[in-house]
Amino acid sequence: MQNIWLLVYLGLSFVAAETGLDGWLRYASLPCSTQCHSRLPVGIVTLNSTKTSPVYVAGSEIQSGLKSIYNADASVTHNQCNSSSSVIVGTVEQYRRACGSLVGIPELAEDGFWLSTRGKEIQILGQNERGALYGAFEYLSMLAQGNFSQVAYSTNPAGPLRWVNQWDNMDGSIERGYGGESIFFENGTIVDDLTRVHQYARLLASIRINAVVVNNVNANATLLTPQNIDGLGRIAEVFRPYGVKIGISLSFAAPQTLGGLGSYDPQDPTVIGWWSNITDQIYTRVPDMAGYLVKADSEGEPGPQTYNRTLAEGANLFAKAIQPFGGIVMFRAFVYNQLNESNWKADRAKAAVEFFKPLDGKFEDNVVIQIKYGPIDFQVREPTSPLFANLFKTNIAIELEVTQEYLGQQSHLVYLPPLWKTVLDFDLRVDHEQSLVRDIVTGKRFNRTLGGSAAVVNVGTNNTWLGSHFSMSNLYAYGRLAWNPAVDAQDVLQDWIRLTFGLDRAVLDTITNISMQSWPAYENYSGNLGIQTLTDILYTHYGPNPASQDNNGWGQWTRADSTSIGMDRTVQNGTGYAGQYSAEVAASYERIQSTPDDLLLWFHHVNYTHRLHSGKTVIQHFYDAHYSGAESTQGFLYQWESLNGKIDDERYNHIRRRLDYQTGHSIVWRDAINDFYYNLSGIPDTVGRVGHHPWRIEAEDMELTGYETYKVSPFETASGSVAIVTSSNDTVGTALTTLDFPSGKYDLAINYYDLSGGQSSWQICLNDREVGQWVGDAEDHLSHTPSIYLDGHSATRIKFRGVKIEKGDILKIVGSPNGIEPAPLDYISVLPQGVVD
């Protein structure tokens with residue numbers, strides 16, 4: 001725990017709203033007493049005067065940070081060490097040359113640094129210039145948190161590879177991006193204005209990321225044109241002073257689609273020559289490029305198997321081309337085939353081991369296999385990928401996902417590090433020895449020279465970068481975990497909170513509480529017991545659609561029927577997936593009795609009436625968990641509202657709107673999943689909640705004028721499977737009902753559908769007195785991929801609190817359609833205050 005010298009942050013008000021553009025580098029002003037000022041340096045010495053060097057940048061960052069946080073002026077000089085009360089920034093070698101010998105500094109690994117705040121001279125010394133810059137940001141992070149601790153320590157990265165991947169497309173769109181358009185590309189070329197790239201470089205350097213792949217793994221070969229290679233050089237020039245190298249994703253078929261060759265066979269000499277020539281061109285313009293990222297033979301992307309070549313032969317094609325320049329090939333293990341669900345032995349989860357284990361040791365030394373944390377696809381909970389325990393002679397890296405593709409797409413708060421830690425801290429027990437995933441991926445366990453992590457991030461042009469202020473906690477924490485995967489997820493979160501929102505204890509405690517609860521809550525109301533996230537895997541990967549998981553070739557199956565559910569992945573009776581782990585781990589998953597409940601349905605096919613270790617049946621756990629998860633999110637909103645006045649208005653209102661939306665959409669999830677499995681199994685909820693909503697009035701049961709009923713698909717994404725829509729796109733609809741509730745104050749919650757392609761408006765009245773109105777404009781405010789249908793993606797809710805109602809009042813809703821959106825309504829809930837529905 002850090003020693004916070006300036007612990008109490010009181011009496012300060014926020015004068016201006018904050019957009020979030022500065023992220024955790026906002027360096028907000030803090031009060032500074034006489035004692036505080038005596039601790040601040042009056043000078044900064046950088047041991048490199050080249051303005052594009054990371055050491056020079058480090059000095060500039062410290063200077064501006066001191067001014068911003070404590071209004072302290074510190075002069076900057078270069079290459080001299082005779083200044084007292086100064087910060088000295090440079091490499092260990094630069095210090096020895098300029099200042100003399102060093103005593104007591106341990107040997108540093110690449111990118112490591114030494115930070116000492118003891119005495120008059122503050123030393124920030126890196127093994128290289130990148131490390132020195134990391135140390136400068138560490139020092140500034142301390143100051144920005146009011147921490148004047150006297151420290152002297154060194155720190156080194158757990159692994160050499162700390163990459164981020166951007167899935168940016170050449171047209172400026174971002175696949176699975178929820179924070180706006182690309183900061184790199186538009187209209188097929190690199191953007192002219194790279195200001196946002198510079199700001200991104202600062203953010204990445206501050207969390208010790210050393211490489212960024214700038215384009216989508218589903219790569220467009222036109223990135224390799226001379227014009228765009230020059231543009232890559234411009235991007236690299238922006239990142240270079242911050243110690244961040246760039247990498248690019250490649251299309252395996254580029255020799256054919258761009259180069260005009262008749263083949264892209266990795267053994268064809270003309271293909272080999274073409275890639276060698278392209279690589280020469282790139283390194284001529286970007287001499288320090290980090291390397292290539294390759295997705296091949298995956299989800300329709302071309303690859304070496306087209307020519308009956310192995311994945312190793314495909315990876316080695318690029319590795320040999322890039323070896324003379326010191327580059328690295330990150331080759332994704334996300335390779336699988338379409339499957340037939342009627343085959344009980346078929347299992348997509350087995351694919352990675354089946355494809356890559358036979359190739360162990362056949363990859364070039366500069367190839368790194370990039371492995372998703374679980375064997376399917378960034379689900380809310382998966383077991384650790386067994387591929388980590390099956391490659392002993394091959395470099396590997398773990399792939400995480402900051403962008404919340406299956407996990408709420410930045411419209412839901414989900415703090416991800418607790419999920420990541422379930423994998424990083426897992427012991428795979430290879431050869432009956434401790435084999436933590438974090439030690440395997442960093443190269444420590446199997447003595448590999450390369451290793452580390454990559455994360456799909458997908459920042460965009462939105463001022464919040466990811467579309468939500470809270471989602472930036474995941475990017476910050478990813479960098480911290482990439483450096484040290486043993487770090488505590490809550491400690492990292494609290495650093496981010498102090499840097500992003502200030503030092504108020506109530507702010508710290510509240511955001512900590514809701515963030516740490518957010519992943520368990522999302523797991524509860526989306527998909528639990530290891531069944532995966534029960535989202536629509538065929539459309540947007542956002543809202544609920546459990547039926548989409550089965551009867552397709554993608555292999556994210558639940559095998560749910562009227563009596564049972566779950567994948568049998570045992571060796572004895574199932575797909576055999578459990579046998580891909582070491583003997584100890586495999587044995588624990590093979591037996592139901594030793595399989596943890598939270599992975600039961602991942603490994604076993606059981607009846608809905610099967611009793612868990614908790615004593616509950618599977619189906620009752622489903623019902624209870626979904627109610628519990630949705631109820632938790634209601635608390636997130638109220639806890640956040642307690643901070644009104646402690647957060648600037650712009651960020652407070654932005655987050656409040658997201659949490660308010662999440663309270664409603666979690667109920668959409670809760671009802672959809674519970675109704676689906678109740679309908680499938682016929683087993684009632686023992687508590688009587690599922691299908692029973694005493695405070696709810698179905699829109700189709702109201703007196704309708706200009707509205708007509710509409711059968712919603714999937715059926716479970718509408719209460720009672722039916723909604724109402726206006727009879728035409730130019731007809732105003734009215735729905736009336738007489739309220740038969742005791743007189744008193746209620747919250748009115750209206751579930752409706754907010755479609756892309758139109759912005760309907762609604763008005764709600766009591767006895768012709770307006771209670772409120774709203775517009776279906778979520779596409780302008782939220783981050784998730786919009787839907788053009790009435791479904792679980794577009795279903796949402798608005799609530800009007802504390803409405804005084806008399807028994808017998810006439811409630812009227814008037815809906816005005818717009819565009820393709822026919823002012824759809826699902827139901828109205830008249831809720832006594834404190835009742836969730």
Side-chain angles (χ1 to χ4, degrees), residues 165-173 175 182 184-185 187-190 213-233 246-286 289-325 327-338 351 355-356 359 362-364 366-370:
N165 297 169
Q166 289 287 133
W167 285 357
D168 294 39
N169 298 313
M170 298 300 296
D171 64 0
S173 64
E175 182 177 346
S182 172
F184 299 110
F185 307 110
N187 300 323
T189 60
I190 283 76
V213 177
V214 297
N215 65 310
N216 195 350
V217 288
N218 298 318
N220 187 325
T222 61
L223 181 65
L224 304 178
T225 63
Q227 178 187 6
N228 284 330
I229 289 174
D230 182 67
L232 290 173
I246 71 163
I248 60 173
S249 296
L250 299 179
S251 169
F252 205 93
Q256 186 177 79
T257 59
L258 181 67
L261 303 183
S263 166
Y264 53 88
D265 181 354
Q267 298 291 340
D268 185 329
T270 59
V271 171
I272 295 170
W274 191 87
W275 280 115
S276 178
N277 179 53
I278 283 290
T279 301
D280 287 345
Q281 292 179 45
I282 295 170
Y283 273 92
T284 297
R285 185 65 180 88
V286 190
M289 188 182 72
Y292 293 145
L293 173 62
V294 181
K295 175 182 178 180
D297 288 311
S298 173
E299 299 184 319
E301 288 298 304
Q305 294 178 350
T306 303
Y307 300 94
N308 295 317
R309 310 298 186 190
T310 69
L311 296 169
E313 288 171 324
N316 291 341
L317 164 70
F318 305 110
K320 291 174 182 176
I322 211 169
Q323 271 173 349
F325 306 98
I328 293 167
V329 174
M330 301 285 271
F331 196 86
R332 293 183 93 219
F334 190 54
V335 179
Y336 63 95
N337 296 321
Q338 290 273 299
F355 276 113
F356 285 90
L359 301 175
K362 296 182 180 180
F363 293 92
E364 293 289 319
N366 61 329
V367 173
V368 179
I369 305 303
Q370 186 168 308

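The residues of the chain are indexed from 1 along the displayed sequence. All of these numbers come straight from a predicted model, not from anything done at the bench.
- The closest donor-acceptor contact from the side chain of Thr284 to the backbone of Asp280 lies under 3.5 Å.
- Partners of Phe355 by ring-ring contact (aromatic ring centres under 6.0 Å, His included), not counting sequence neighbours: none found.
- Across Thr189 and Asn228, no two heavy atoms sit closer than the pair CA-OD1, 3.3 Å.
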Next on the checklist: Walk me through whether Leu232 and Arg285 qualify under side chain to side chain contact (heavy atoms under 4.5 Å, CB included).
Outcome noted: CA-CA 8 Å; Leu232 290 173; Arg285 185 65 180 88; over 6 Å; no

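- Rounded to the nearest 0.5 Å, atoms CG (Asp268) and CD (Gln256) are 11.0 Å apart.
- Inter-residue side-chain proximity for Ser263 and Val271 is flagged as met; some heavy-atom pair is nearer than 4.5 Å.
- When all heavy atoms are compared, the tightest approach of Phe331 to Ala315 is CD1-CB, 3.6 Å.
- Two residues are said to be in side-chain contact when any heavy atoms from C-beta on lie closer than 4.5 Å; Glu175 and Asn218 meet this criterion.
- The shortest side-chain heavy-atom distance between Pro266 and Arg309 falls under the 4.5 Å cut-off.
- Proximity of a side-chain donor or acceptor of Ser298 to a complementary backbone N or O of Glu301 within less than 3.5 Å is not detected.
- At distances below 3.5 Å, not a single donor-acceptor pair connects side-chain atoms of Asp168 with backbone N or O atoms of Ser182.
- Interatomic distance, OG1 of Thr225 versus CE of Met170, reported as 6.5 Å (0.5 Å rounding).
- Here side chain to side chain donor-acceptor pair (under 3.5 Å) pairs that include residues 316-325, with residues two or more places apart or in two chains, are Gln323-Glu364, Gln323-Asn366.
- Under a 3.5 Å cut-off, the side chain of Asn215 and the backbone N or O of Ser249 do form a donor-acceptor pair.
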Checklist entry - Between Leu293 and Val217, does a side chain to side chain contact (heavy atoms under 4.5 Å, CB included) hold up when you go through it step by step? => result CA-CA 7 Å; Leu293 173 62; Val217 288; 3.3 Å; yes

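- The minimum heavy-atom distance linking Pro302 with Ser251 is given by the pair CG-OG, 4.5 Å.
- Considering all non-hydrogen atoms of both residues, Met289 and Tyr283 come closest at O-OH, 3.0 Å.
- Among all heavy-atom pairs drawn from Ala254 and Ala221, the shortest one is CB-CB, 3.7 Å.
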Next on the checklist: Would Leu250 and Trp275 count as a side chain to side chain contact (heavy atoms under 4.5 Å, CB included) here? Give the steps.
Outcome noted: CA-CA 10 Å; Leu250 299 179; Trp275 280 115; 3.8 Å; yes

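- When Asp171, Asn216, Val214 are each tested for a side-chain contact (heavy atoms from CB on, under 4.5 Å) with Phe185, only one passes: Val214.
- Between Phe356 and Val335, the closest side-chain pair of non-hydrogen atoms falls below 4.5 Å.
- With rounding to the nearest 0.5 angstrom, the CD1 atom of Ile229 is 9.5 Å from the CD1 atom of Ile190.
- Nearest approach of Ile328 to Val368, heavy atoms of both residues: CG2-CG2, 3.9 Å.
- Once rounded to the nearest 0.5 Å, the distance linking CD1 of Ile246 with CZ of Phe184 reads 8.5 Å.
- Rounding to the nearest 0.5 angstrom, the gap separating the NZ atom in Lys295 from the CG atom in Asn165 is 11.5 Å.
- Evaluation of the ring pair (Phe, Tyr, Trp, His ring centres under 6.0 Å) test over residues 250-273, restricted to residues two or more places apart or in two chains, returns Phe252-Phe318, Tyr264-Tyr307.
- Residue Thr306 holds its OG1 atom at 9.5 Å from CG of Asp265, rounded to the nearest 0.5 Å.
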Checklist entry - Do Ile248 and Ile282 pass the side chain to side chain contact (heavy atoms under 4.5 Å, CB included) test, and can you show the C-alpha distance, the side-chain angles, and the key distance before you say yes or no? => result CA-CA 10 Å; Ile248 60 173; Ile282 295 170; 3.7 Å; yes

